[in-house]
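Here the structure is laid out as C-alpha cells; the discussion comes afterwards.
Just so it is clear, the values below take in all heavy atoms, side chains as well, and ignore hydrogens, waters and symmetry mates. Predicted model only: the values in this text are computed from it and were never measured. Order of the sequence lines fixes the chain letters, A, B, ..., with proteins taken first and strands second; residue numbering starts at 1 for each chain.
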Amino acid sequence: MFRTHDCGELRLDNVNESVTLSGWVSNKREMGPFLFMVLYDRYGETQIVFEDSKIIEEAGKCSLEDVVQVTGFVRDRGDNRTDRYKTGDVEVIAEEFILLSKSKPMPYDHRKDTAEAIKLKYRYLDIRKSEVKNYLILRHNITRTVSNYLDKLGFLNIETPILTKSTPEGARDFLVPSRITKHSFYALPQSPQLFKQLLMVGGMDRYYQIAKCFRDEDLRADRQPEFTQIDIEMSFADEDDIMGIAENMIREVFREVKGLDIPEVPLMTYAYAMNNYGSDAPDTRYDMKLITLDPVFENSSFEAFKNAANDESQIIKGIVVEETAEEFSKNKIKRIEKDVQSDGAQGLAFIKNINGEIESPLAKFFSDEEKNALIEKIPVNGTMLLAAGKKNVILKAMGNLRKRMAAEKNLVSNDDYAFVWITEFPAFEYDEENDKWNAVHHPFTDFDLNEALAAKDRSTVLSRAYDLVINGHEVGGGSVRIHDFEKQKEVFKFIGISEEEAKEKFSFLLDGLTFGAPPHCGLAFGLDRLVMLLAGTEAIRDVIAFPKTTSASCLMSEAPSGVTKAQLDELYIKLSE
RNA sequence: GCGGUCGUAGUUAAGUCGGUUAUAACGCCGGCCUGUCACGCCGGAGGCCGCCGGUUCGAGUCCGGUCGACCGCGCCA
C-alpha cells in the first residue's frame with residue numbers, strides 16, 4: 001500500500017497513529033541530527049521528521065520533487081505548530097523511507113514570476129505546483145454540477161462527431177484530410193449546432209454535452225482555438241422553459257462552487273442594453289449609465305451637438321463620474337480622449353459641476369436653459385464626459401469608456417456577480433460595405449417572418465435569441481430554432497442564401513426538418529469563460545490543462561509539426577511553398 | 001495580416017555614455033549546523049548576452065532583419 005492518508009489529511013486526532021504517506025518532496029532542511037522534509041500532493045503538505053541517523057542518511061540522498069513514500073507515526077508538534085499548512089499541528093516521525101521516483105532539478109522556480117513559455121513547455125509541473133491545479137479542480141466541480149443538474153431533469157449526455165462536414169460560414173474550419181475518400185476533407189466542429197437539432201428530430205428530447213469546439217482564428221487572452229461549450233438543446237420548449245432551466249443550472253453551479261445564492265436574473269432588452277450601457281453584454285455591477293443628451297442640445301449654439309441632436313443617425317451620449325471634478329486634469333482628459341478616439345469617436349468633451357456652476361471649455365456656447373438641464377444631471381463636484389457622432393460608434397466608444405472609468409474608480413470587485421438576460425436581439429444588421437442586411441445569428445434562429453417581409457426597415461425585426469451575461473461577459477447564448485421546413489426554406493431565401501447553397505451546406509439538417517421536427521430551442525455556455533469568471537482569472541490558459549500559445553502552438557508537445565512524405569502521400573497531399 | 005512590450009547562467013533580474021575577466025539572488029554540487037519551515041553559514045561549478053547580418057579599432061549595449069513569448073487590432077458566437 002502506497003498510502004494510508006493523503007498529504008493534506010492528518011490532524012491532531014491522528015496523533016500516535018501509524019501512517020504511510022506518498023508524495024513529492026517540496027522542501028528538505030538538514031539541521032544537525034534532524035532532517036525535516038515536507039511532502040506534498042494535490043491535497044496538501046505534511047512535515048516529516050527523520051531523527052534516526054541511519055534513516056537520515058537514506059532520506060538525505062533524495063532531492064526536491066523526488067517521489068517518496070514514508071511510514072511512521074503521527075506526533076503533535078507542540079510548541080512548533082505552524083499554520084503554514086493545514087496539517088501544521090502534527091508531523092510524521094519517519095520509521096521507513098522508500099524512494100519511489102527521482103526528479104531532475106526543477107527547470108524554473110515556481111515561486112517566481114516565470115516566463116510563460118517555460119511554464120508552458122513544462123505544463124505538467126505548472127499544474128503540479130501552481131494555481132492551475134485549483135482551477136482544474138474548480139472546472140471539474142463545475143462540469144460535475146452541470147451534469148448532475150441536467151441528469152436530474154432528464155437531459156441525456158450524447159456525443160456528436162468531431163470529424164464533421166466543413167461549413168465555411170463564420171469562423172475558419174480546421175480541416176482533416178480523408179485517406180479513404182481521395183481529395184476530401186472533414187472539418188472539426190465549430191459547435192455541435194446542426195447535430196443537436198437533429199437529435200431533437202431523433203426524439204432525444206433533452207440533450208446536453210460538454211462539447212469540444214474548434215475555430216481556426218487568432219488567439220486572445222480569453223480565446224483558444226479549441227475550447228469547450230456546455231451545449232444544451234430541448235424539444236417542446238420555448239424561451240421561457242430553456243432560460244429557466246439554464247438559469248437554475250447556473251444558480252446551482254454558483255451555490256455548489258461559491259456558496260452563493262443567485263437571485264432571479266433580470267431580463268433586459270438588447271435595445272435597452274445598447275442605449276444605457278453601450279454594449280450587448282453590460283456589466284451591471286455598477287450603474288454609470290450612458291445618458292442621452294440629444295434633447296438638451298436640440299437648439300444649441302454649439303453646432304456639432306446641435307447637428308447630432310437633430311440627426312436620426314447620430315447621438316450625443318454622456319457618462320457621469322462622481323466626485324472627481326478636481327481629479328480630472330487636462331492631461332488626464334486628453335489621455336481618456338485618446339482611448340475614445342481609438343474607438344472611432346471624433347472627440348471627447350467634459351463638463352464639471354463646481355459647486356453648482358458649470359465649468360467646461362464649451363460653457364460659452366451653452367444657453368442658461370442648457371446649463372440648467374446639464375447641472376441637474378451632474379452631482380456637485382462631479383464630471384460628465386460626453387461625445388457626439390454616429391449612433392453605433394458613440395455607443396461603443398462610450399460603453400468602453402464606461403468600463404474603463406469603472407475599472408479606474410474601482411467600482412468592480414471580482415467577488416461580486418451581476419447577472420442579466422439580454423433578449424429581443426435584432427435579427428438583422430446592416431452591412432454598410434456591401435449595402436445589404438445580414439442575419440445576426442445563425443440562419444436557424446426563429447423570428448417573425450411575416451413581420452420581416454412587411455417591414456420597411458429590417459432593423460426593427462427581433463429574433464428569438466437570448467444571452468446570459470455575467471459581469472459584462474457573454475457567458476451563454478442561444479435561441480428558439482426554426483422547426484418548420486417551409487419556414488426554414490423561406491428564411492434562407494429571405495436572408496439571401498440560395499437554394500443550392502442551402503442544400504450544399506445544410507442538406508442533412510433540411511432533410512431532417514421534413515420528417516417531423518418538434519419545436520425546439522437551445523443554448524450553449526462557454527465553459528472556459530465560466531470557469532475563468534468563477535476562478536477570478538483573466539487568462540483562458542489558466543483554466544485549460546494543456547493550452548496553446550498566442551501563435552496556436554503547444555510548447556510542450558510541439559504541435560503543430562511537419563509529417564512524413566509517406567503520410568502525405570497516403571492522403572494525396574502535396575505541399576506547396 | 002498589422003501594432004506594442006519583452007528576450008543576458010537552469011530561473012528571476014542588474015549591466016551607466018559603445019571600452020579590462022558580464023554581476024547578484026534563487027536553484028545545482030561539496031562541506032558545516034540540536035526544531036527547521038523561502039532555515040542559516042562557508043566554498044564551488046555554471047554564459048553562443050535568442051538567432052543572422054551591419055556600423056565600429058572595439059557591440060550584451062547602436063542599426064537592419066529574423067525567430068519566439070505576451071498584450072491588443074483585424075479576424076472570431
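If A:Val49 and A:Thr114 are placed on RNA chain B by their nearest nucleotide, the residue sitting closer to the 5' end is A:Thr114.
When the C1' atom of B:G35 is taken as reference, atom CD of A:Glu91 falls 8 Å away, rounded to whole Å. In this entry the distance linking CD1 of A:Ile56 with C1' of B:C33 reads 12 Å, nearest Å.
Sequence neighbours left out, not one pair with a member in residues 11-28 of chain A passes salt bridge (charged side-chain N to carboxylate O under 4.0 Å, His left out).
Contact check on A:Arg541 versus A:Glu116 returns a salt bridge, with a Lys/Arg side-chain nitrogen under 4.0 Å from an Asp/Glu carboxylate oxygen. A:Glu233 has a carboxylate O that lies under 4.0 Å from a charged side-chain N of A:Arg481, or vice versa, which qualifies the two as a salt bridge. The pair A:Arg404-A:Asp339 counts as a salt bridge, with a side-chain nitrogen and a carboxylate oxygen less than 4.0 angstrom apart. Here A:Asp218 does not pair with A:Arg223 in a salt bridge; the nearest charged N to carboxylate O distance is not below 4.0 Å. With respect to A:Arg464 and A:Asp238, no salt bridge is recorded, no charged nitrogen being found less than 4.0 Å from a carboxylate O.
Closest to the side chain of A:Lys112, out of B:G35, B:C26, B:A38, is B:C26.
Below the 3.5 angstrom threshold, one finds no donor paired with an acceptor across the side chain of A:Arg111 and the base of B:U12.
On the C1' atoms, B:C49 is 38 Å away from B:C33, given to the nearest whole Å. B:C17 and B:U61: their C1' atoms are spaced 10 Å apart (whole Å). Here, B:G31 and B:A69 have their P atoms 42 Å apart, quoted to the whole Å. Atom C1' of B:A77 sits at a distance of 23 Å from the matching atom of B:C71, rounded to the whole Å. Between B:U11 and B:G47, the two P atoms lie 13 Å apart (nearest whole Å). Rounded to a whole angstrom, the distance from the C1' atom of B:C63 to that of B:A59 is 11 Å. The P atoms of B:G7 and B:C62 are separated by 11 Å, rounded to the nearest whole Å.
Residues from residues 30-47 of chain A lying near RNA chain B, meaning a heavy-atom separation below 4.0 Å, are A:Glu30, A:Met31, A:Gly32, A:Pro33, A:Phe34, A:Phe36, A:Gln47 in numerical order.
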*What string of B, S and - do you get for nucleotides 67-77 of chain B, 5' to 3', when a contact is any protein heavy atom under 4.0 Å?*
--SBSSBBBBB
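Residues passing the ring pair (Phe, Tyr, Trp, His ring centres under 6.0 Å) test with A:Phe419 are A:Phe254, sequence neighbours excluded. Here A:Pro33 pairs with nothing under the side chain to side chain contact (heavy atoms under 4.5 Å, CB included) rule; sequence neighbours left out.
Base pairing in RNA chain B yields stems of at least 3 consecutive Watson-Crick or G-U pairs, both distances under 3.5 Å, namely B:1-7 with B:67-73, B:10-13 with B:23-26, B:28-32 with B:40-44, B:50-54 with B:62-66.
Counting only distance, with no hydrogens or angles, the side chain of A:Ser130 and the backbone of A:Asp126 share a donor-acceptor pair below 3.5 Å.
Nearest heavy atom pair, residue A:Asp173 against residue A:Ser166, reads OD2-OG, 2.8 Å.
A:Lys102 and A:Ser63 share a side-chain donor-acceptor pair at under 3.5 Å.
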